[in-house]
Trainee: 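Here's a structure for you.
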Amino acid sequence: MRPSDTIDSTREARRAAVIAVVRAIPPGVVLGYGEVARRAGLPRHARLVAKVLGTADDPSLPWHRVLRSDGRIALPAGSAGAREQARRLRAEGVDVVAGRVRQRPAVDTLDGALWAPAE
DNA sequence: ACGATGACAATGC
DNA sequence: TGCATTGCCATCG
């Protein structure tokens with residue numbers, strides 16, 4: 001490996017951390033960007049999470065389970081991505097109405113709370 | 001180095 | 001609920 005890679009890896013490491021967290025989200029569960037950032041050990045990096053998901057090319061990544069903190073789909077309403085996301089969520093049993101999820105992304109729900117520990 | 005940008009979040013009205 | 005404002009922070013030109 002080139003020495004420059006070791007230094008650049010800070011960026012890669014964060015990206016990897018975010019990817020790992022997103023991949024760990026179980027079906028039917030949704031999290032906010034800020035939450036994901038937290039779980040990735042990067043508090044206040046919600047926007048970075050967005051960037052990562054946007055540039056991630058891994059098709060097996062369940063990026064559709066990441067929403068805004070208010071339960072809204074982050075992608076522009078009507079856009080191909082937004083429709084795709086809503087479609088996938090419903091396929092997992094998540095209620096999506098008008099680009100919004102009928103479930104609190106917050107760790108308010110029992111499922112979310114129980115999911116918190118571990119690792 | 002500097003300002004603009006963005007799949008964000010919290011707060012206030 | 002919706003919209004505007006402010007704060008945050010990595011990226012990019």
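Throughout, a chain's letter reflects where its sequence line sits, starting with A, and its residues are numbered from 1. Computed from a prediction, not measured in an experiment: that's the story for all the values here.
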Trainee: Please enumerate all residues that pass side-chain contact (heavy atoms from CB on, under 4.5 Å) together with Ala50(A), with sequence neighbours excluded.
Mentor: Tyr33(A)
Trainee: Please name all residues satisfying salt bridge (charged side-chain N to carboxylate O under 4.0 Å, His left out) with Arg14(A), sequence neighbours left out, ordered by chain then number.
Mentor: none
Trainee: Indicate for each nucleotide in nucleotides 2-13 of chain C, in 5' to 3' sequence, whether protein heavy atoms under 4.0 Å reach the base (B), only the sugar-phosphate (S), or nothing (-).
Mentor: S----BBSSS--
Trainee: If we ignore hydrogens and angles and just use 3.5 Å, is the side chain of Glu35(A) paired with the main-chain N or O of Ala46(A) as donor and acceptor?
Mentor: no
Trainee: Got a sec, which pairs hit salt bridge (Lys or Arg N to Asp or Glu O under 4.0 Å) with one end in residues 56-67 of chain A, sequence neighbours left out?
Mentor: Arg23(A)-Asp58(A), Arg65(A)-Glu92(A)
Trainee: Taking salt bridge (charged side-chain N to carboxylate O under 4.0 Å, His left out) as the definition, give me every residue that meets it alongside Arg72(A), ordered by chain and number, with sequence neighbours left out.
Mentor: none
Trainee: Can you name the residues that form a side-chain contact (heavy atoms from CB on, under 4.5 Å) with Ala16(A), not counting sequence neighbours?
Mentor: none
Trainee: Near DNA chain B, under 4.0 Å by heavy atom, which residues of residues 73-93 of chain A?
Mentor: Ala74(A), Leu75(A)
Trainee: For residues 40-53 of chain A, which residue pairs qualify under salt bridge (Lys or Arg N to Asp or Glu O under 4.0 Å), counting only residues two or more places apart or in two chains?
Mentor: none
Trainee: side-chain contact (heavy atoms from CB on, under 4.5 Å) with Ala82(A): which residues, sequence neighbours excluded?
Mentor: Ile73(A), Leu75(A), Ser79(A)
Trainee: For residues 75-85 of chain A, which residue pairs pass the salt bridge (Lys or Arg N to Asp or Glu O under 4.0 Å) check, not counting sequence neighbours?
Mentor: Glu84(A)-Arg87(A), Glu84(A)-Arg88(A)
Trainee: At 4.0 Å (heavy atoms only), tell me whether Gly34(A) reaches a base, stays on the sugar-phosphate, or touches nothing.
Mentor: sugar-phosphate
Trainee: What are the bounds, 5' to 3', of the part of DNA chain B that sits under 4.0 Å from heavy atoms of chain A?
Mentor: dG6(B) to dA10(B)
Trainee: Only counting residues at least two apart or in another chain, list the ones meeting side-chain contact (heavy atoms from CB on, under 4.5 Å) with Pro43(A).
Mentor: none
